[in-house]
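Okay, so here's the structure we're looking at.
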Amino acid sequence: MIRARIISTGSYLPEKIISNHDIEKIVDTSDEWIVERTGIRERRMAADDEAASDLAYHASVSALKKAHLKARDIDLIIVATVTGDMPFPSTACLLQARLGAKNAAAFDLNAACSGFVYGMHIAQGMIKSGMHNRILLVGTEVLSRFIDWDDRSTCILFGDGAGAVIMEPTKEKRGVYSTHIYSDGSLSDLISLPGGGSRNPCTRETMLKTLHSIKMKGNETFKVAVRTLEELATYTLAENGIDPSQLSLLMPHQANLRIIQATAKRLNLPMEKVFLNLEKYGNTSAASIPIVLDEAVASGKVKDGDYLLLEAFGGGLTWASALVRW
Ligand code: ACO
């Protein structure tokens with residue numbers, strides 16, 4: 001049986017740190033409120049000359065280096081992002097050019113915070129079917145450019161970053177065991193970025209209405225996220241005949257500590273088995289899970305044979321999970 005396997009990981013976080021205390025100076029909020037309600041203490045912000053493809057480039061170079069591969073060894077590049085450099089060409093094509101990955105096809109994928117796990121779904125399908133052999137999958141976001149810094153309910157949440165993985169076929173008893181993707185477009189108004197597309201192209205009016213920044217009904221989103229992710233995690237393990245006690249690490253999308261704690265509680269999983277970095281980076285949308293993966297692997301917390309559960313929830317609405325045996 002052929003499965004897709006992650007052979008290497010990489011990530012890149014911009015240098016500039018924005019702490020909760022920095023945000024206290026911009027809007028009426030406090031470090032205490034942000035930590036208590038979200039678990040976030042600081043986030044990264046891309047430099048003025050950095051766009052999503054730049055962050056993606058650094059994460060990809062790191063993943064290629066660790067795999068001892070050249071960019072020309074890649075035959076497909078998928079970039080999950082909602083903050084690409086521009087509407088087109090795709091950020092994936094810009095990344096392909098910068099890497100010199102001349103043997104790769106390249107496209108972007110938009111499933112907001114679930115984008116990376118959606119990408120795993122596509123990548124593993126392509127590898128299992130034999131259509132592609134070595135895929136570079138990247139999640140990259142520069143959300144700081146799409147934040148309304150007057151809106152205290154959203155500006156505290158998001159950060160910039162990128163993570164990348166390289167996937168290959170394997171006949172071993174490891175790799176991606178299953179992926180599950182879902183959407184509910186009827187709840188699209190819960191999280192959106194309404195301006196800049198063909199519905200509300202950029203005009204003076206859309207600028208004044210701040211339509212070019214993220215809008216979120218946080219509390220409603222929170223409730224749907226908790227319910228959905230609890231069900232998704234339980235279902236994904238059951239589908240694979242894995243008891244939660246066999247799970248080595250839960251790798252959740254880093255949106256809100258309370259959402260993550262609820263999922264862990266439902267699985268009866270101690271928090272030591274949950275990888276967290278939202279304290280440092282906040283919600284980096286599609287980049288969140290590949291950054292988690294890279295940091296978990298680098299920290300030595302992931303061992304051969306470990307069962308890892310990846311799960312995400314985001315705009316669309318979309319939600320997705322993957323069970324991986326390392
Ligand atoms: N500082 C101080 N007070 C604040 C802040 C702030 N930064 N933000 C909101 N408040 C206030 C509100 O104004 C409100 O005050 P009121 O009761 O006087 O009206 C009060 O705090 C409670 O507001 P809620 O929105 O109900 O706060 P909640 O506990 O729900 O926390 C949060 C808000 C953190 C946004 C939470 O709802 C959340 O994390 N939601 C889910 C986010 C998520 O998972 N998104 C999905 C991924 S994003 C993507 O796909 C791009």
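The SG atom of Cys113 sits 6.5 Å away from atom CZ of Phe158, with the distance rounded to the nearest 0.5 Å. Separation of atoms OG (Ser245) and CG (Leu269) is listed at 9.5 Å; rounding is to 0.5 Å. Rounded to the nearest 0.5 Å, atoms CE (Met167) and NE2 (His132) are 13.0 Å apart. Separating the CG atom in Asp73 from the CD atom in Glu168 is a distance of 9.0 Å, to the nearest 0.5 Å. Going from atom OG of Ser60 over to atom CD1 of Ile77 covers 7.0 Å, rounded to the nearest 0.5 Å. The line from CD of Glu172 to CG of Asp304 is 8.5 Å long, rounded to the nearest 0.5 Å.
Considering only heavy atoms from C-beta on, Leu232 comes within 4.5 Å of Ser321 through its side chain. Considering only heavy atoms from C-beta on, Thr81 stays 4.5 Å or farther from Asn110 through its side chain. Two residues are said to be in side-chain contact when any heavy atoms from C-beta on lie closer than 4.5 Å; Pro14 and Met45 fail this criterion. Two residues are said to be in side-chain contact when any heavy atoms from C-beta on lie closer than 4.5 Å; Lys273 and Leu250 fail this criterion. Residues Arg3 and Arg174 are not in side-chain contact: their nearest non-hydrogen atoms beyond the backbone lie 4.5 Å or more apart. In this structure, Met120 and Ile6 have side chains that are in contact, with non-hydrogen atoms separated by less than 4.5 Å. The shortest distance between side-chain heavy atoms of Leu136 and Leu99 falls below 4.5 Å.
For the residue pair Asn200/Thr206, the side-chain donor-acceptor check at 3.5 Å is not satisfied. Counting only N and O atoms by type, the side chains of His180 and Ser178 include a donor and acceptor under 3.5 Å apart.
Nearest heavy-atom pair across Ile214 and Asp151 is O-OD2, 4.5 Å.
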Intermediate values then yes/no, side chain to side chain donor-acceptor pair (under 3.5 Å), Ser288 and Gln254: CA-CA 6 Å; Ser288 165; Gln254 310 282 309; 5.2 Å; no
Apply the test side chain to side chain donor-acceptor pair (under 3.5 Å) to residues Asn256 and Thr38: give CA-CA distance (whole Å), side-chain angles for both, the deciding distance (0.1 Å), then the verdict. CA-CA 5 Å; Asn256 185 309; Thr38 70; 5.8 Å; no
Starting from the C-alpha separation in whole Å, work towards a yes-or-no answer on side chain to side chain contact (heavy atoms under 4.5 Å, CB included) for Ile127 and Gln124. CA-CA 5 Å; Ile127 286 172; Gln124 74 129 349; 5.7 Å; no
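Ion pairing between Lys209 and Asp148 fails under the 4.0 Å rule for side-chain N and carboxylate O. One finds a salt bridge joining Arg98 and Asp54 here, because a Lys/Arg side-chain nitrogen approaches an Asp/Glu carboxylate oxygen to under 4.0 Å. Using a 4.0 Å cut-off between charged side-chain N and carboxylate O, Arg152 and Asp28 make a salt bridge. Using a cut-off of 4.0 Å between Lys/Arg side-chain N and Asp/Glu carboxylate O, Lys280 and Glu295 are scored as salt-bridged.
The side-chain contact (heavy atoms from CB on, under 4.5 Å) test with Leu229 singles out one residue from Val224, Thr234, Thr263, and that residue is Thr263.
Counting only distance, with no hydrogens or angles, the side chain of Asn283 and the backbone of Gly159 share no donor-acceptor pair below 3.5 Å. A donor-acceptor contact shorter than 3.5 Å is absent between the side chain of Thr9 and the backbone of Leu293. The backbone N or O of Glu230 lies less than 3.5 Å from no partner atom in the side chain of Arg266, so there is not a single donor-acceptor pair. No donor-acceptor pair under 3.5 Å is formed between the side chain of Asn240 and the backbone N or O of Leu237.
Other residues, nucleotides and ligands contribute over 12 non-hydrogen atoms within 6.0 Å of the CE atom of Met271.
Residues His253 and Phe313 place their aromatic rings such that the two centres sit no closer than 6.0 Å.
Between Tyr182 and Trp319, the two ring planes are parallel [angle under 30°; tilted spans 30° to 60°].
Geometrically, Arg43 does not engage Tyr281 in a cation-pi contact, judged by NZ or CZ lying under 6.0 Å from the ring centre and within 45° of the ring axis.
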